[in-house]
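This report concerns only the one structure given below.
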There are 2 protein chains.
Amino acid sequence: MDCKNIIIDMERSFITKDEIRNNKEKTLESYELLYNKTGEGNNFLGWVNLPDSYDKEEHKEIKETAHYIRKNSNVLIVIGIGGSYLGAKAAIEALKGNFYNELTKDFPQIYFAGNNISGSYLKRLLRVIEDKDICLNVISKSGTTTEPAIAFRILREYIERKYGKKEASKRIFVTTDKQNGALKKLSEKKGYKTFIIPDNVGGRFSIFTPVGLLPMAAAGIDIDAVMNGLRDAYKEYSKKDYEENICCQYASARDILYRKNKGIEILVNYEPSLSFISEWWKQLYGESEGKDGKGIFPASVNFSTDLHSMGQYIQDGRRHLFETVLVLQENEEDLVIPEDKYDLDKLNYLAGRKLNYVNSKALEGTVSAHVSGNVPNILINIPRMNEYYFAKLLYFFMLSCGISGYMLGVNPFNQPGVETYKKNMFSLLGKPSI
Amino acid sequence: MDCKNIIIDMERSFITKDEIRNNKEKTLESYELLYNKTGEGNNFLGWVNLPDSYDKEEHKEIKETAHYIRKNSNVLIVIGIGGSYLGAKAAIEALKGNFYNELTKDFPQIYFAGNNISGSYLKRLLRVIEDKDICLNVISKSGTTTEPAIAFRILREYIERKYGKKEASKRIFVTTDKQNGALKKLSEKKGYKTFIIPDNVGGRFSIFTPVGLLPMAAAGIDIDAVMNGLRDAYKEYSKKDYEENICCQYASARDILYRKNKGIEILVNYEPSLSFISEWWKQLYGESEGKDGKGIFPASVNFSTDLHSMGQYIQDGRRHLFETVLVLQENEEDLVIPEDKYDLDKLNYLAGRKLNYVNSKALEGTVSAHVSGNVPNILINIPRMNEYYFAKLLYFFMLSCGISGYMLGVNPFNQPGVETYKKNMFSLLGKPSI
């Protein structure tokens, strides 16, 4: 199939026309809650019209800072957890490939820290950067989230020892709250350059704020093209017209399948470079919908890799799941399968064919295999992976998620359950209450 | 908790003593099917007594070959899919850390290929190895599995062009069937050194054959210590005594929870280096149990990282899941949290503490949080991660899986569902039937 835009294909979703028709009103009601900002969590909808409202001056400063980082370092360490690293990591892998750090010449390598509390991870990372020139981008609204705060203490000490305090302060870039919080105060004290996480944008919706854009720009991603995709997505997906709006269609399909007891959604890709889009997506849907004892469990697989691990289960296991498949229509980077005179491996029938052609047939064959195994399949066709479609795809998922959450009857924009482990941990660590 | 062996802790599994008692007979029956080799799939039980039966001469040759690879290359490319790469990758990350390729000095970097059909992945990998000295280890029983066969054609052509055919044949190591198949025949023609995948060991149970051991040894992992762990695991876990045998206990718990409608098991770790043990585990359980419309869906998370993505769902979402937590009791690599005079991030109460201490409190706090959210938690305590305990842990999972599969009433040692997508793909690609 050829496509010039992101297209959703429900032909193999096991959803009937009647089911869609009967669910249309509910879908559009939820859509209106979102668009009219009349639903729960409506003070966290700043991401919806970001393409209109973003600070153009700050956008320019992001590009200038990325240029500065590039000139002054060969490693950028991005310190953040959850929404403060998943988006940037997804973007860099999807747009620059799995081997970005190995292959980059003109742009700094990017490592992530502060997204775990492992002593060995951070210690080894310090060894990796030993002889490199580094910059830091620390991303946290409050500045007190345990994981990034610990990593930043250690890396800040490291960088101050390495360069001296004055020079270090020019190598630290902070993405945080406009006026409050520990990081904001420290930045004022130390003279760090800061970028703003808007008040009304939650972590999992923050990729197109400086949270995601600064690391992306540092890796050589064209963030103007990103914003173009976002602008077009905003325009297209704000149509209150079920037939025209793929966000409504996806949200409705999820709602129908969930009520048919499909409790697991597996996001499928066929490119290793897309695996972190799935990780980003899992946070988006898991945190938005997994509450009040409800919600679809978000999982992911990388095919054809995982056809040799999770494939058996999906084909023949318990029927409590459905798949959403990312279908890239085009992929420029490719290789040709060579002829072999012995042909012992019986591959000569593919000689002269390109790998991505074979990959596309693996996709087709798998979709029909899993459908024959009674797994509903939703296909999301994407013309190709570039800045423009990356932004469009992610905005599509974000908007669909808002609609879908309202359909489920939850507030898609809070995350009360994340606090429980923190409370227990602080108590075990003897954190003083203030 | 301190422990000198792998210990399973069911205190928070929501399983009553009555439930355990009532399930004991069924558990021991399944255990006997496995040990007496009287159950379905009993011709694939070669892995059970591998510690006794493995070829000592070949084991020596693996170490010699690893030495040869180390002397003659700085990159080893391991070509394989499913069980032919997951075990080795899990071992290298768990035992050498996430930054093995960045930090290794005395041993070759290891890259994996043939585990996908992405043209851009392989093309970029060729760029990564451009100026390196390389060896290949291709792993496939038949030699005709599409993914590794394609990658091997391309990489073989590359290496023959680079070194000439004669030298190339000394840099290619083949792990395959004893006497049959395309790779065996090609090896005879070309004079490649070969290692044997035993007839009676399926892919997902093959990590402790040359499939896993050669890449491990090449990465500097002590495979004698691995075999020691395996030998002790074999000895300990072959006791037909429910109270003494943690494999029986884990298998029984899974069976009970599945019947209580916990359709998802999440394997949890707190070290980024353990994430591929989870991927290996997902193949093991998904392929062994996901059949006949049955089976627990295996998923995984890396904490505390994913507490900021999947944490909300696990805490508060639909209650169709349980967690199995890998608890490392000790971790040598560590860092200390420094004091900060401003203490704006409010972390001074942790100054002087080590990261792994904080990490262990995150674990404790999370377990009790999730348990309070009605998520059954099974804890697997592991003294530390080294060759010995790595082998023991994986053998524990393998043996438990056999018992668990029989309890579910399936043949845990086949994978009929994996063929469906292949059949469709071959038909779409126009593969000649022979």
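Numbers restart at 1 for each chain; the letters A, B, ... are given by sequence-line order, proteins then strands.
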Check each atom of [X] against the heavy atoms of chain B and say whether the ones under 4.5 Å are side chain, backbone, both or neither.
X       : result
L350(A) : side chain
L363(A) : neither
N348(A) : both
Y421(A) : both
I266(A) : side chain

Top of [options] for chain A proximity - count of heavy-atom pairs under 4.5 angstrom:
options                            : value
K423(B), M310(B), K422(B), K282(B) : M310(B)
I150(B), I314(B), N98(B)           : I150(B)
L125(B), N331(B), T146(B), L86(B)  : L125(B)
P272(B), G311(B), P298(B), A149(B) : P272(B)

Presence of salt bridge, K185(A) and E188(A), under 4.0 angstrom: no
Ionic contact status for D334(B) with R353(B), cut-off 4.0 Å: no
Over 12 foreign heavy atoms within 6.0 Å of NZ, K294(A): yes
So which residue, E157(A), R319(A), E419(A), ends up with the most heavy-atom pairs under 4.5 Å with chain B? E157(A)
